[in-house]
Amino acid sequence: MNKRYRHAIVAGNWKMNMLPSEIAAYADAMQAECVLPNRTRAIVCPPSVCIPAALAAFSGTKVSIGAQNMSEHESGAYTGEISGGQLADLGVQAVIIGHSERRIHYRETDETVSLKLRAALAAQLQPILCIGETLHERELGIASERIALQLKTALSGINAKQMREIIVAYEPVWAIGTGQTASSEEAGSACAGIRAILKDKYGSPVARNIPILYGGSLSIQNAAELFAMPDIDGGLVGGASLSPKLFAKIVMAAGQD
Ligand code: PGA
C-alpha cells in the first residue's frame, strides 16, 4: 500500500456468525493481541443483532463498528429491513454494500447496490463497496469488464466529495471462503485497474486517496504479501476475522511499513 496517501484499513466481516453474548470476550481477546499501528484502522462488522453488544464491547477503543448490509430505503413498510439512519443512530460508522453473498443469494443487482450506496452516504455511514468477478467471468476472460461495470454502475451519480467517503473492496467471488486466494500480483493488478477507473472519473487527487481493500480467503499467511502491493490498502476479512487473535494479527500486518 502507499502510505503517503492512504491509511491502512482492515475490516472483519463476521457474516452470520457469533452470538451477542460472545462479543465481549471477542473484544477483550482482540484488544489483548492488538496494538493498533499508526495510520491503521480496524472495523468490525457483526450481524445486525450483535451491533449493540459490539458497540458496547469496543467503546473506548479505536476499533469502529460496521454493518454488513442496509436497506436502500430511508424508512417505511419494508418488513425485516434496517435503514442506514437506524444504524447511524446506534453509532455504527461503516456499512458493507454489495457483498457477493448478497448479490448471489438475495439477488442484489448493480442498480440496487448503487441505491444502497447513496442511502448509506445520506445516512453518514462510510460504505465499503464490494465488487469482484465470479469464477465463470474469470474463465471467460471478462473479469476486468465485470469489475468496471459493477464499479461504474455503483458510482453513477456519486460526486468527488462523496467518493472521498467510500472504501472499495475488491473481492473475487471464487476466492471467498474457498481457501483459494488471488495471487498478490493478480489482486494488485485488479486493484490498480480499479484505481485507474476512479482516476478517469474523479481525477488523480481523489483516486489516490481512496482506500481499496482486497478480500477473499485473506489470512495471516498471505496478508503481508497482499498488503505490500501498492494499490492494496488493507483487507476485508471473513473467516479469519472470527478469531480475535488472527484478526488482530492481520490488522497489525496492515500497519507494518
Ligand atoms: P473470506 O470472506 O475471508 O472468508 O474468504 C471474505 C468476505 O466475504 O468478505
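Atoms within a ligand are numbered from 1 in the order they appear, just like the ligands themselves. From a predicted model like this one, the values you see are computed outputs, not experimental measurements.
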Would you say [X] and ligand 1 have an N/O pair spaced under 3.5 Å apart?
X	value
Gly239	yes
Gly238	yes
Ala240	no

Is the closest basic N to carboxylate O distance between [X] and [Y] below 4.0 Å?
X	Y	answer
Asp233	Arg41	no
Glu72	Arg118	no
Lys249	Glu33	no
Arg195	Asp200	no
Asp110	Lys152	no
Glu108	Arg103	no

Go through ligand 1 atom by atom and flag the ones less than 4.0 Å from a non-hydrogen atom of [X].
X	answer
His99	7 (C), 8 (O), 9 (O)
Gly216	5 (O)
Ala175	5 (O)
Ser217	1 (P), 3 (O), 5 (O)
Gly177	1 (P), 4 (O), 5 (O)

For atom 7 (C) of ligand 1, find the nearest protein heavy atom and state the residue, atom name and distance (0.1 Å precision).
->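 Of the protein heavy atoms, Glu171 OE2, 3.2 Å lies nearest.
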
Can you tell me which residue and heavy atom of the protein come closest to atom 2 (O) of ligand 1, and the distance to 0.1 Å?
->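 For this ligand atom, the closest protein heavy atom is Lys15 NZ, 3.2 Å.
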
Begin from the C-alpha positions of Ile131 and Ile194 and carry the test side chain to side chain contact (heavy atoms under 4.5 Å, CB included) through to its verdict.
-> CA-CA 10 Å; Ile131 53 175; Ile194 290 167; 3.7 Å; yes

Side chain, backbone, both or neither: the part of Ile176 lying under 4.0 Å from ligand 1 by heavy atom = both

Linked, directly or transitively: Phe247 and Ile51 (ILVMFWY side chains, under 4.5 Å) = yes

